[in-house]
Structures are given as structure tokens and as C-alpha cells.
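Take a look at the structure below.
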Protein chains: 8
Amino acid sequence: ARCGAGEVVYGEGKTAEQVAGIVDALIAAGQRHVLVTRLSAEKFERARELMESDTPLEYHADARIAIAGGMPVQSGNGTIVVACAGTSDLPVAEEAALTAEFLGNRVERVCDVGVAGLHRLLAHADQLARAQVIVAVAGMEGALASVIGGLVSCPVIAVPTSVGYGANLGGLSALLSMLNSCASGVSVVNIDNGFGAGYQASLINHLPGRAPAQTHDARPADAQR
Amino acid sequence: ARCGAGEVVYGEGKTAEQVAGIVDALIAAGQRHVLVTRLSAEKFERARELMESDTPLEYHADARIAIAGGMPVQSGNGTIVVACAGTSDLPVAEEAALTAEFLGNRVERVCDVGVAGLHRLLAHADQLARAQVIVAVAGMEGALASVIGGLVSCPVIAVPTSVGYGANLGGLSALLSMLNSCASGVSVVNIDNGFGAGYQASLINHLPGRAPAQTHDARPADAQR
Amino acid sequence: ARCGAGEVVYGEGKTAEQVAGIVDALIAAGQRHVLVTRLSAEKFERARELMESDTPLEYHADARIAIAGGMPVQSGNGTIVVACAGTSDLPVAEEAALTAEFLGNRVERVCDVGVAGLHRLLAHADQLARAQVIVAVAGMEGALASVIGGLVSCPVIAVPTSVGYGANLGGLSALLSMLNSCASGVSVVNIDNGFGAGYQASLINHLPGRAPAQTHDARPADAQR
Amino acid sequence: ARCGAGEVVYGEGKTAEQVAGIVDALIAAGQRHVLVTRLSAEKFERARELMESDTPLEYHADARIAIAGGMPVQSGNGTIVVACAGTSDLPVAEEAALTAEFLGNRVERVCDVGVAGLHRLLAHADQLARAQVIVAVAGMEGALASVIGGLVSCPVIAVPTSVGYGANLGGLSALLSMLNSCASGVSVVNIDNGFGAGYQASLINHLPGRAPAQTHDARPADAQR
Amino acid sequence: ARCGAGEVVYGEGKTAEQVAGIVDALIAAGQRHVLVTRLSAEKFERARELMESDTPLEYHADARIAIAGGMPVQSGNGTIVVACAGTSDLPVAEEAALTAEFLGNRVERVCDVGVAGLHRLLAHADQLARAQVIVAVAGMEGALASVIGGLVSCPVIAVPTSVGYGANLGGLSALLSMLNSCASGVSVVNIDNGFGAGYQASLINHLPGRAPAQTHDARPADAQR
Amino acid sequence: ARCGAGEVVYGEGKTAEQVAGIVDALIAAGQRHVLVTRLSAEKFERARELMESDTPLEYHADARIAIAGGMPVQSGNGTIVVACAGTSDLPVAEEAALTAEFLGNRVERVCDVGVAGLHRLLAHADQLARAQVIVAVAGMEGALASVIGGLVSCPVIAVPTSVGYGANLGGLSALLSMLNSCASGVSVVNIDNGFGAGYQASLINHLPGRAPAQTHDARPADAQR
Amino acid sequence: ARCGAGEVVYGEGKTAEQVAGIVDALIAAGQRHVLVTRLSAEKFERARELMESDTPLEYHADARIAIAGGMPVQSGNGTIVVACAGTSDLPVAEEAALTAEFLGNRVERVCDVGVAGLHRLLAHADQLARAQVIVAVAGMEGALASVIGGLVSCPVIAVPTSVGYGANLGGLSALLSMLNSCASGVSVVNIDNGFGAGYQASLINHLPGRAPAQTHDARPADAQR
Amino acid sequence: ARCGAGEVVYGEGKTAEQVAGIVDALIAAGQRHVLVTRLSAEKFERARELMESDTPLEYHADARIAIAGGMPVQSGNGTIVVACAGTSDLPVAEEAALTAEFLGNRVERVCDVGVAGLHRLLAHADQLARAQVIVAVAGMEGALASVIGGLVSCPVIAVPTSVGYGANLGGLSALLSMLNSCASGVSVVNIDNGFGAGYQASLINHLPGRAPAQTHDARPADAQR
Ligand SMILES: Nc1ncnc2c1ncn2[C@@H]1O[C@H](COP(=O)(O)O)[C@@H](O)[C@H]1O
Ligand SMILES: Nc1ncnc2c1ncn2[C@@H]1O[C@H](COP(=O)(O)O)[C@@H](O)[C@H]1O
Ligand SMILES: Nc1ncnc2c1ncn2[C@@H]1O[C@H](COP(=O)(O)O)[C@@H](O)[C@H]1O
Ligand SMILES: Nc1ncnc2c1ncn2[C@@H]1O[C@H](COP(=O)(O)O)[C@@H](O)[C@H]1O
Ligand SMILES: [Mg+2]
Ligand SMILES: [Mg+2]
Ligand SMILES: [Mg+2]
Ligand SMILES: [Mg+2]
Ligand SMILES: [Mg+2]
Ligand SMILES: [Mg+2]
Ligand SMILES: [Mg+2]
Ligand SMILES: [Mg+2]
């Protein structure tokens, strides 16, 4: 768990032995919950067998995430909504959602709300409006971030995905699209970085506030329209 | 008017003398309407003075277009809607609209309907649904093309503009976004090429059909949903 | 069939089980024709076995397309010509052609007409001139779109392919070439997006018109030269 | 003030007449504070003369921002720190800081803390640790965002600037650097988009919370190390 | 005349004084013909005044070329044809043509033969077939090189120009297009490098051969089809 | 043998059956020599077995080339030198050399003369000076083309290769380097396109000339220094 | 060992037979130490078996390096520190460290000092300050080079790695970041080129000096702060 | 003098007033030599007038550098050679040379030694071989770094320049070329960053050594060939 993000292990490029060793060590050191991202099903299976600790290790295949010790109690201020354009974007969205849940947040998932089917997105308008933070996950043209950004007045963290082909340039098109969003209140993380979005959403959702969370009317007066 | 596009003159890189000479020659050869694109106000003024023909030359400052001989009678099948995301995209949208009108089409303009203010776009839903062809003009993240493409079932021609800064890369971001549109029925022309979009919209709007234009129900059965 | 494209299923990234399930569901819901794009031969075989419906599922290996329920009756105004530069571009061209046929269009294929062998292309000049819409498919330098665009006065939808190597940049060279076409009346879809071109061509070919399709002389007077 | 961001006017590409007209209209409509970004000194001077309203319009030359009606009362939960790598990044940092102040936030500026002079940055460690949100502004290699992200446990919004030359690619190098930050809790806005960062920081700083802001100890238990 | 190109001076970035001095020095050293490329009209005027030699300096405004001492006698084997897609490409084409003439070649110019107007190009088919070498100059989509390359069996040197806008990327689109040409016998020089093309064409046209130039039938037997 | 390159077959993307069929057909039609490029060893083996013609098919593993009917008699004016920077560039160099030999040229190979070992290159100075045309093949920084271009006064055709890693960008670095060569007389073909370079070199080496090939002194007087 | 770098063999693209042959030949010619880079474990095993010389060949799996004849005696002036941001960067760092040791340098390794965990880096401040040259290895945002460059006053050679995903662009982001470093005294080699950095560090560490190495106070007076 | 580079002021983006103020302050604080880079002639003139200190400020127009207090005494171990490909690269080369001299180094300049005129470069072979460090400055194809790197066994710092046009991409081509150098011992700084190269060369030239500088024979034994 280098880089200050708590007990999170980045599984990419680590062997099953290394993963098992790190998780065991963290638990031995008193850690009760450990998240491993970017872990293939094969490496998960071997790591579970190799682990010496009794803490169970569970696998979330969609997100390629393993969690030891289950989810902690919820400690966030409000709800994080993770919205996702298409079925192919689900793995990244799920990485964001599980990361946020792992960090103590209540998370709602809104799937298959790509901008080409606007009615499906608009059907979730109220749910979006109640969110404390929104993570918007989309590949191809990445327009979801702008459309959601225009609908709501909470912070939106956009995650471009590498979903698409040809001129999608491995996710660069969605990334550029999101960076150029004409909606205010949108910031962006790296392509396919569901973890980073879930992590920052959690930070935002745990900030101390002046008043208990009830409605969104506490937003800056000048921005209300 | 090289390149087969009829009596259209591309003003960029031509002197006022050259423009006046070409327009005079076309009119002398019997042409009654001439369109000059990409003409600065200064070159227009000088070209008008230099022209020998009596046919009046009018300037449309927004689109940087001059038209000799006014607009022809309308000959298209239906209506072309030119929709435009922001104020800064207006010059390109107007280049598309005037080009289409010049080629004999009825054109409706729908402005300031960027996707960050979805209600403004949705307020035009019926108008969009009645269009024969739509030209969607947007810079920054270029999401307008996808959103409109999802709302309607007629062909959409998307025009990315160079409006924006930083990671907009001079319009490339909007271009890539539009090429990766998850909405079907969208094709794309070059950055800032309002002329090209208006021209192709006109071709489409002049195609012969089986039955007179009434409703859109003649669209392919399998695509109706 | 997400994204509003009718009963079309995007096979990429779906399992054979998912494909079979979706096709069965669509047929159970009354759909008589279903198109599945980007489906490998292996997934097709398994999906056909898994399907419960009696509707036969046929595979078009070149285009990697499966069609359930065969082709519908033709309902378009005129003919769509799909022209293709080289043998390697055939899969994309066939994806466009089958998509258009599936959407009720009469389609003519013109193959191996790359611009380096101009006589082969010119031998099809009359056929091209009679088309209602043309889909021009080419990789490498993508010049086919410009050359056809100059020959005809109907709309041309250009499809760049990823065919080539080195400085073809996975199709970007052909894409850029087509976007910069000096011929008017050309618009472009994503690299290898035969489906998108076939779909838009079908939309154009089903638009209502003023008069029955006979000749092309109904095109804008000012563009006739 | 299109795009939902409240009474903010984007001055780029608008004439002094247009700016004066919009500000007058907003004030006439009851608005008491108006922010105009990207306004040159010349356009500001003319707009001030042209304005009919009595509300004073003040210019902040560094940020190229004009504000009518002064700053509103502070309504945020905590403090936003705007940190900036070099002198040349100041205009963008100031755009972020003034935007945040305009939206009702307490803002602290930390300047000239580029990573090549780490001691200057570390001298501000306590100040950074007390922030509710941090906006990190840097050009060239953009490393400031990662270093700050590693030091603190609040959300960091990174703003790449176009400062630099050669391989800085107009800010793309800093942008890519920030998107690839190895520190968790960092998200990114467009190159030179101080406004966007200040705006999102304000949204975050106005979110409702469970408990009054005192210390940072309310952050997720698992992330404390 | 650095870089081995003979008595050729690259005017870009040199002052009028420097140009005059270099030309004077070359003539004093016995040189009878000097070519200066990339010279603005203003610098030419001043350089002519500053020159001390009696050798007249003539300016070719289109090509931004100055020539001292006029053209040498023709010494090449055959004819170099310089073909050019559009009016805006003329400066580059003229740079190529004058360079070749300056190096002792007979040059024929074929203008305005963009591929969108194929009949204009085909009208020159015989002239192209008689060429010893062809220089093909085009911007935008750069398709001219492929089409000419397919028509003839002599070497074609392609010169992409920066003519165009938007996705032409300052000439990169035409460059990539030409590098990916499906026609054999095409090689490419830098964007706008008319000089380089004219120079190489001259080298080719001065190579010793087995038999006097008469027809093109001496080309490799295996390539005749 | 599409694309006008004579009896040359592009093997990439063709099955062994297709290759065998095409070669058989060409031979049946009277062709005595056939070249197949980009053919893997496995496909060659199968194609040889499948062929019905008696003409032997030989494989050149380095160049991934098969030749039916052996090499034709030499018909060129002079010698083509194929120079190559490193061992890894050999396959591309060999593709160029065999193509040129197949087209009736005398070819000399000069290997392992990368610019970092200048003495090895300079040891071949006389051989290079006697060449009629030079093909310069190099990856990584591609400097070989400039250095050779500066040494000789015959045309140089540069072939960038994809050899290298990291910032070589799959050959783009060498390509850009060669296009920007400060040596005159250099033109460039696509990355790894040994065939294209060999083909154009052959065209140049077969051009009719005024006088029999003896020395290089027939080059343009003004370029002699 | 082409390219003047001594008895170093670049293993990439060479067969085990070739590697064994080259190493045998070098040893037969009197060479006592040979370094082979970019050698896979499989090729190493086969090469060791094939080798005829008695000199033992040892494999360093992390760096994919084989060394025959062990390390030479140390001959450098001071110590080279190889610092490395994350675990995934270790192979490249080890390639640099082993290369430098092979060339006769004392090397110290400093691992896992990514800038997001500044305290880990600062814990090595004294060690860094004592270095004669530093090699800084980092992927993702590549900020390590700037931070180290600011801490020390010796030359820093930065090695970007391809570690990361999405917008890391295969290492280009780190490369650009390092080239734009705001710290003076930093130069850069190709992505993943540990060998090149180790080699140049060795050259620097073997330069003759005025006085024996003791402290760093001999650095230029004006740069001391 | 931010960023640790000693008493060096980066003039870009600073007003004449700011420059004068900073220089005055540094001198008042006891500094005897101050270097200002990237200073236009106009700003220099005004700054000199505005300065209150008596220390003379001298301008080096080629390098756009001003120096207060003249050059310090030489303190380096050996000689730094700054080699430069063409006349247009001189400003960058001079920035490197003056920076190195300002930091107490003996500098030799070698100009106009572009690789297309190899004899001019080879004429300096002995001078290059005697250098302690070489700075190689080149635009266009940037091949100079590789060729020099192959000739010498001292460290080479390569500076790509933005000199060129078209596919030089503002210096990126030379940069990529230098990063991919096949010569060992070459590292690279940012495009046009003469200062950075001169600075690092000075650091290298001031390192403590085991033995007084006499010949180059102290280089690693294994690299001698
Ligand atoms: N999927 C991911 N993408 C990016 N960063 C991640 C991801 N998962 C974990 N991380 C970061 O990597 C750190 C752990 O790295 P490590 O010590 O190599 O396991 C965490 O603290 C996170 O900051
Ligand atoms: N704004 C424009 N953008 C792109 N192409 C244009 C534009 N305006 C005119 N054209 C094309 O340029 C042709 C006229 O070019 P020219 O003969 O140079 O005046 C027309 O036939 C159109 O095809
Ligand atoms: N500097 C800026 N950069 C990006 N967006 C801005 C900036 N300033 C204002 N905006 C956005 O532009 C909108 C106003 O646009 P407009 O209606 O054209 O004045 C605001 O609501 C913001 O969302
Ligand atoms: N990992 C590496 N990356 C880049 N260049 C290398 C590497 N290893 C060796 N070299 C260079 O390759 C040369 C040997 O190439 P070769 O003769 O093909 O074995 C050495 O002298 C080095 O200059
Ligand atoms: Mg919003
Ligand atoms: Mg639609
Ligand atoms: Mg046409
Ligand atoms: Mg943090
Ligand atoms: Mg040909
Ligand atoms: Mg030459
Ligand atoms: Mg330093
Ligand atoms: Mg060397």
C-alpha cells in the first residue's frame, strides 16, 4: 500500500505469492480490511490458497478486485453515485464502486445510461440530484460526464475508459472529451482508473461540513439556477 | 468553383481581385447565384468595389460568407436543422446554414443547445424530430452530436469546431468525440467545415424518394423503437 | 440493441451465452430479424447451439456478422453502392453492405477499385452515378473517397480501414485523408466502422422525397456542372 | 452564464459591448455579483465605460478577471488552498483563487513552490494539511500535483498550465503527468482551466457534512497511515 | 549553399544583408547561377539593392525564389512534370519547378488537377506518360500522388503541402496519405519541400542511361501490365 | 499483383491457398517470374505444396519473400546499393534488395553501417559513390539517410524501420528524421516498406539516358562541389 | 558490440545461438567480461548450454541481463546512485545498475522512493548528496527526476519507464515530464533504456578531474545555494 | 534564480522592470555574476536603464542572454565543446556555450558541422576527442548527436532545436531522433534548451576526479575499442 492510499494493494505486475504475502503481512500488522485491485481470477485463486491468515479473501470478477475482511462500516456524509455509459464500461465502474464501498461509502450504481439513450439517463435524474459526489464512467465519446455535469450541482469525477475501437485511441478520445467538458464541476482521472475515481470520491464524501447532509441547497448561492 | 461543388468559391488565400474576377466571370457565364466562403470583411469590401457585374454582392459577417445574386428558390424535400452548442460555434453553424440555403434548402437554426444545459436542447425535441437532416455543430467535447443522434432517427452530420483551449487540440478533441459517437446515424466532416456539412445535407435533402415527404414513418422498420 | 440502432446487437465483448440470450429474447418479443455484428466464428457456433428459438441464425464469415431471420423486404428509395479499395478492406465493406441490406436496402458491391488502378474504378462510373448513396471503404491512403466524391453527385459516406502498416497508424492516415477530402459531399465515420456507414446510408436511402426516384437530375441546380 | 455555472461570464471571444450588455442584464435581473473570466485589459476598460449599471466593475489583471459587485460572504466549510509551482503559473492560479473566492470560499495562496525547490513546498506542509481542498497549479513537468497529493489526505484538483516550451507541447506534458499521478486523490481539469478547478473546489467545499469542520480526522479509517 | 545542394541558398532565417553577401561571394568565386529559396519579397528588394555584383537577381514571387544569373542550359535526359492539385499548392509546386529548371531540366507544369476533378487530370494522361520523373504536389488529402502513381510507370516524388485546415494538421494528413500510397513507385519529401522534390527529380533526370531517351518501353519487363 | 506493381503478390493477409492459386494463375497466363512479399515460412511451405505449376518456388527467409521462376536477366543502367544500419534492419533491407534484383537490377548490399560507427560506413565510400541509386535502411534515429545523402550525389531512397523501442514510436522517429534530412536528394517511403524502395529504385535505374553510364560526372553542373 | 559501447551485446532479436556465438568469439578474442542485455530467461539457458568457453555466464533475472566473466574491478571516481520510483520500475533500474557495475563503478540502489511518499525519498537525502552521478528511474508521471534534481547538485540522468496504463502512453508521459523538468542538471535517455543511463553515468564517473574526490564543494561557485 | 540553477534568471515572461529589480537585488545581496536567459533586445535595453547597480549588464544578441558582472574565472576540469549543425541552430548553441562559460568552464565552439557535410565534422575529430563533455545542438533530423556520439568516448548532451519546418513538428523530430540514438553515451534535454545542456555540462565538468585531467585514457577499460 505505497503512495498513501491506505491498505490498498495494486495487483498488476505482482505474482500471486507476492499478493498473498502482502495481504498476510497487512493483516498480521492489525489491518482488518485489505483491497487488491487489478487481480486476475487465476492469481486470485492461487493467492487465496497461499494465504496463511484466516481472514477470508473474496473476489469480484467484474472489477478484478479481491477484498480481505469484507467491507467496513459506512462513514461517509452522503451517497456516491457511480454512473456508467455502456455494458463494456462495467469493469471500470465496478472498480470505482467497490473502492468507494471499501473506503466506507454508501454507493449507488446507475448503469447503461449512455447519452445516445437520453431517456434512460433522465429516468435517474432525481437519484443523481441526491448524490454527494458522482463518478461518471464512459468510453467511446465520453459525453456522459458533460451531460451529467449539466444536470447536477455536485462534483463529478469523470473516468474515461478504453472501450471502443479505431479513433478511440485506447481511451484518449474519451479522456480529451471529458477534459474539454463544457459543464462546470467536472474533473478527470486517468483512462480506466476506476480506483482513482472511487478513492477521490471517498475523500470528498468524508470531508467535514458545517451542517448535516439533508438537501443540496447549501451549494454556493451564485451557482443556483 | 473547383472540386465539383457547383458555383461555390473558396475565398481563403484568394485576393480581393481574384474573388471579384471569379465572381464576375461566373456571372458573365450565366450563373445567377454565387457563394464565396471564408472571405474576410476587408476582402469583401474591396471585392464588391472591384466587381463589374451589376449583380449585388451581400456579406454575412458571422459566417464570413458573401453571396452574389441572393438565394435561389427552395427545392429540397424537407427541412435541414442546424444545431449549435455555444455562441462561439455560431460562425461555423452559420456557414453550414447559409450554404444549405444557398443550395435551395429550407433551414432552421437551433442555437445555444450545448449538452451541459440539456433542458434547452430538449425544448427543441419536436423540431429536431421533424428534420430531414440535422447538422450538429460543437466544439470543446463535441457531445452534441451523440445526444442529438440518440434523440432523432434522421441522418446527423456532425461538425467539430476549433472552439476551446488547451486539451481541445484545435478541434481534434471534438472531432474524435464525434467519430466515436455511440449514437448510430452520425457521420463527421472536417473541423470547422460548416460548408462541407451544409453541402452534404443539401445533397441528402434533394435525393429522389418513393413518396412525398410527410412523416418520418418511412424509416427502416427494424430501426423503429 | 443499445444505442438506438434498432434490432442490432454489438457482439464485441459479449459471450456466446449473452448473444444467444439477447437474440432469443428479441425474437420472443416479436422481432423477426436480428443482426449481430463483430461476432467471431467460434462464438457464433456456440451461440447457435445455445439458442432456443427456431429462427435460423446464419453466419457471414467475411463480415463477422450473424443474422437471425434472414433479410427483410427492400424498402429503400434507391440503390446503395458499397465500393471498396482492396481485398483487405472487404470485411469492413461487407459489414457495411450486410448492415444496409438488413435495414431493407438494395445494395451493390464494387470491389478492388483502389485509386492506383483508376481504370477499374472508372469502369464502374455509370453504376456509381446511378447510386442513391455510396459507401466508400479504403485503408492505406484512403484516397478512394475523394476520387468517388469527385465523380458523383450523391452523398458519399467514407469508411477508413485499419488496413496497412507503419505510417498508416492503425487507420488514422486514411481517416485524416478522408476528413480532408477536397471533394464536396463526403462525410466520414470511425475507422473500420462499416456498420455505422451502412446504417447512415440506410437512413438516407429511406428519407421521404418529393418525387419518385428516376434520375439524379433533381439535385441542386447550382451544383450541376 | 450558460452551462449551469451560475453568474459567470466567459469573456473569451466576446466583444466589450457584449460583455457590458450581459453584465448589465444580469444585474438588472437581480444578480448582485458577476464574474467575467478571460477578459483582456482593453476589453475591460471599454466594458466598464459602456456599462449602464451603477454596480462597480473591478479588474484583476493577473487573472484577466473582472468582478461586478465584489465578493459575496464566505459560505464554505473550510479553506481552499491554491498552490502554484512558478511565477509564470500565477495567472492560472489566480483565476482559480478568485473564482473560488467569488463562489464564497476562504482561499489561501501558496506560491512559487515548484518541486525543484522542495524546502519551499515543505515549509507549507501544515498549511496544506489544514486545507479542505487543494488546487495544484503547475506547468512544465507538472510534478507538483503528485508531491502535494502524497503529502495530504484531502482531495487535490490539478491544473496543468501551458507554461514551458518545446516538449511541453502547450501544456500536454503537464496534463499527462498529472493524469498519471502515482498519488491517490488527485483529479485533473483542462490545461490553464483555473476557473474549472476553482469551481469544482467550491462545490466540494460547500457539500453538507456530518459534523462541523474541525480537524481532518474524519477521513476514512482505512486511509490513515 | 550548406548541405550539399550546390549553389543554392536557403533564405529562411537569413537577413537581406546575409543573402546579398552570400550571393556576391558565390559570384565572385566564379559561380554563374545562384538560387535563393524561401525569400520574402521585402528581403529580396533589399538584397538586390545591397548586392555589389552586376549579375541580375530576379524574383519569382509565387515561389518566393530569387535567381541570380538566370537559368543554365538544359542538361537532363527527359522532361520533369510538376503536377499540382489546387491553386493554393502553387507556391510549393513552383518552388519545385524553378528548382528543377535551375538545375538544368526541362519542366512542364500541370496545374489544378486535384483528384476531385478527375477529368482534368485524365486530360493530361499522355503528358504524364511521357515524363521522365513526376513531382506530385498536393495538400488536404494528398490523394494526387496515388492517382498519378497508378497512371504512370515513371518515378513519382510526392510533396505534401500544408494547405488545408483543421484535421489537415499542418500538412501531416497529406504526408501520411502519400507515405501510405497504394501505388508503387512513389516516394515522399517533407511538407512544403518543393525544393527537395525538384532537386531529387533533377538528380534522377541526370543519371546516365544505357540508351538515349525515346519511349518509356525500357522500363522493367516484369512491371509492364 | 494489384496496385500496378507488376507480377508482385502482397502476401500479407492472404492464405496459403490464395497465394498458391494466384501464383499458379500468373504462371499459367505466361508469367515467368513471380515475387511474393510478406509471406511467413509456414504459409510458404503450404503454398509450395499446393502449387500445381512446375515452376520452382524459392523462399528467402530473412526478407519473408518467395520467388517463383528465379531472377530475370539484369536490365538496369547501373548498380543499386542497399545500405543498412544494423542487424535488426536486415529483413527490410533484404526485402528491398530482392525486390530490386527481381525487377532486373544489379544490387550490392552494404550492411551494419550505422552512423555510430562512422568508420564502417566510410570504408564503403567509393562503393556508394559508384551507385546509380542508393536505398538507405535504418531504424532508431534513422540518421543513416542524411549521412549517406551528404556523401553521394545520386538519389537516395530512405526506408525507416520499426526497429527500436520506447520513443521510436514503431518507426515514426526514424521516419520523421528521414523526412527532415538536411541532405538534398533524399526521399522517403513508408516504415518497413523495403518493397516500395526497391521498386522505385528499379524504376529510376531503368530510365532512358542520354549517354551510356560511365561516371557520375553527368550530374547537374551547379550541384557539383 | 557495435556502436562503440565496448563489450556489450544487445540481446533483443538475437537467437540463443547467435548470443552464444558472439560471447564465445569475444572471449576467444581475449575479452574477459561480456554483458548481454535484453535476454530472456529461456534464451539465457540455451545460450549457456551452447557456449563453448569455460568463462561462466550468470543471469540477473530482474534486469534480463547475462554477464560472462563477472564484474571488473571498480575504476570510477565516486559512487553512482540508481534511484527508482516503484516496484514495477525495478527491471529498468537494475539494468542501469548492473551496466554501471559492469563498467567498473560502485553503485548504490535506492528503491521505492516515488514522489507520492516523499518521506521515503527524503530519508535518503544524504546518500543522494554524496553521489557523483544519479540515475533516476520512474514511470507514470516521472516526477522523481525533478524532485531529485532539486535536492542535489550532481548530474542526474533520468530514465522514463513504460510502467503505468492509459494516458501513460507507453512511457511517453514520463519521458515528456522528465524533458520538461524545472530542475537544472537533468538530462534524459529513451524510455526503459536503463543500459543507456548506466553507460553514460559510467562515462561521467570516469572523467579525469583536478582533485581527488572528497566532497561536492568543487561544484561551480555560482550554482551554490 | 528559481529552480536551483544558481544566480541565473529566466527572462521569458518577465517584464524589464522585474528583470532589473531581480538583478539589482541579487547584486545588492553580494552576487557578483548574474545570467539572464531568454531576454529580448528591447527588454534588455530597458532593464539596463532601469538598473540601479553599477555592475555593467552586457547583451549577447545571438543567445538572447544578458550577463551582469562578466564571466567568472574558469574552474572546470577540462574543455566543453559545443557543436552545432547549422547556422539556424546558433542561438541555442550560443545559449549553451555562454551558460557553460558563465558557470566557470572553458568552452570551444564548433559550428556548421551538420551531418550532410561529414568532412566538415571530421575535420574537428581531434578537437572533439579532447573534450571532457560535448554539447551537440541540431534541428531538423538531429543526427549530429549520434554521429558525434559514435566518434567520441566522452558524455554527449544532445539539444534538439525547433529549426526546420513541416514534419519537424517544432523540434519533436530532432528530439525523438536523439532519444533513439544508436550511439551510447548520449542523453538529451528539452527542445531549444541550450541553458539546460550548458548547465549539466558544467556540473559534469566540475566533478571531483581521481587523477588530474590529461588524456582520456582513464575511461572504463571495457569500453576501449
Ligand atoms: N487500479 C489502480 N490504479 C491506479 N492506482 C492504484 C490502483 N490500485 C491501487 N493503486 C494505488 O497503488 C497503491 C498501492 O501500490 P502497491 O504498493 O504497489 O501495491 C495504492 O495505495 C494506490 O494508491
Ligand atoms: N469553407 C470551405 N471549406 C472547405 N471547402 C470549401 C469551402 N468553401 C468552398 N469549398 C470547396 O472549394 C471549392 C471551390 O474552390 P476554389 O475553386 O478554390 O474556389 C468548392 O467547390 C467547394 O468544394
Ligand atoms: N475561464 C473559463 N474556462 C472555462 N470555462 C469557463 C471559464 N469562464 C467561464 N466558463 C464557463 O462558461 C460559462 C459561461 O459561458 P457564456 O455563457 O458563454 O459566458 C460559465 O458558466 C462557465 O461554466
Ligand atoms: N538495453 C539496451 N538498450 C539500448 N542499447 C543497447 C542495449 N544494450 C546494448 N545496447 C547497445 O547495443 C550495442 C550492441 O549491439 P549489437 O552489436 O547488436 O549487440 C552496444 O554497444 C550498446 O551500444
Ligand atoms: Mg454541474
Ligand atoms: Mg439516431
Ligand atoms: Mg461529389
Ligand atoms: Mg493524498
Ligand atoms: Mg506507377
Ligand atoms: Mg547528396
Ligand atoms: Mg540539481
Ligand atoms: Mg560514444
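Here is how names work: the chains are called A, B, and so on, in the same order as the sequence lines, proteins then strands, and each is numbered from 1.
Counting heavy-atom neighbours within 6.0 Å of E58(F) CD, excluding the residue itself, gives a total of 12 or less.
For L172(H), no part lies near chain F; criterion is any non-hydrogen pair under 4.5 Å. Only the side chain of L169(F) comes within contact range of chain H, with heavy atoms under 4.5 Å apart. Interface remark: L144(F) contributes no atoms to any contact with chain H (heavy atom separation under 4.5 Å).
When V147(F), V186(F), L175(F), L179(F) are compared by the number of non-hydrogen pairs under 4.5 Å with chain H, V147(F) comes out ahead.
Of the inter-residue distances, the one linking E141(F) atom CD with S146(H) atom OG reads 3.0 Å to the nearest 0.5 angstrom. Taken from CG in L122(F) to CG in L118(H), the straight-line distance is 6.0 Å, to the nearest 0.5 Å. Of the inter-residue distances, the one linking M178(F) atom CE with S177(H) atom OG reads 10.0 Å to the nearest 0.5 angstrom.
Looking at every heavy atom in both residues, L176(H) comes nearest to A167(F) through CD2-O, 3.6 Å. Annotation for S181(F) and M140(H): closest pair O-CE, 4.1 Å, computed over non-hydrogen atoms.
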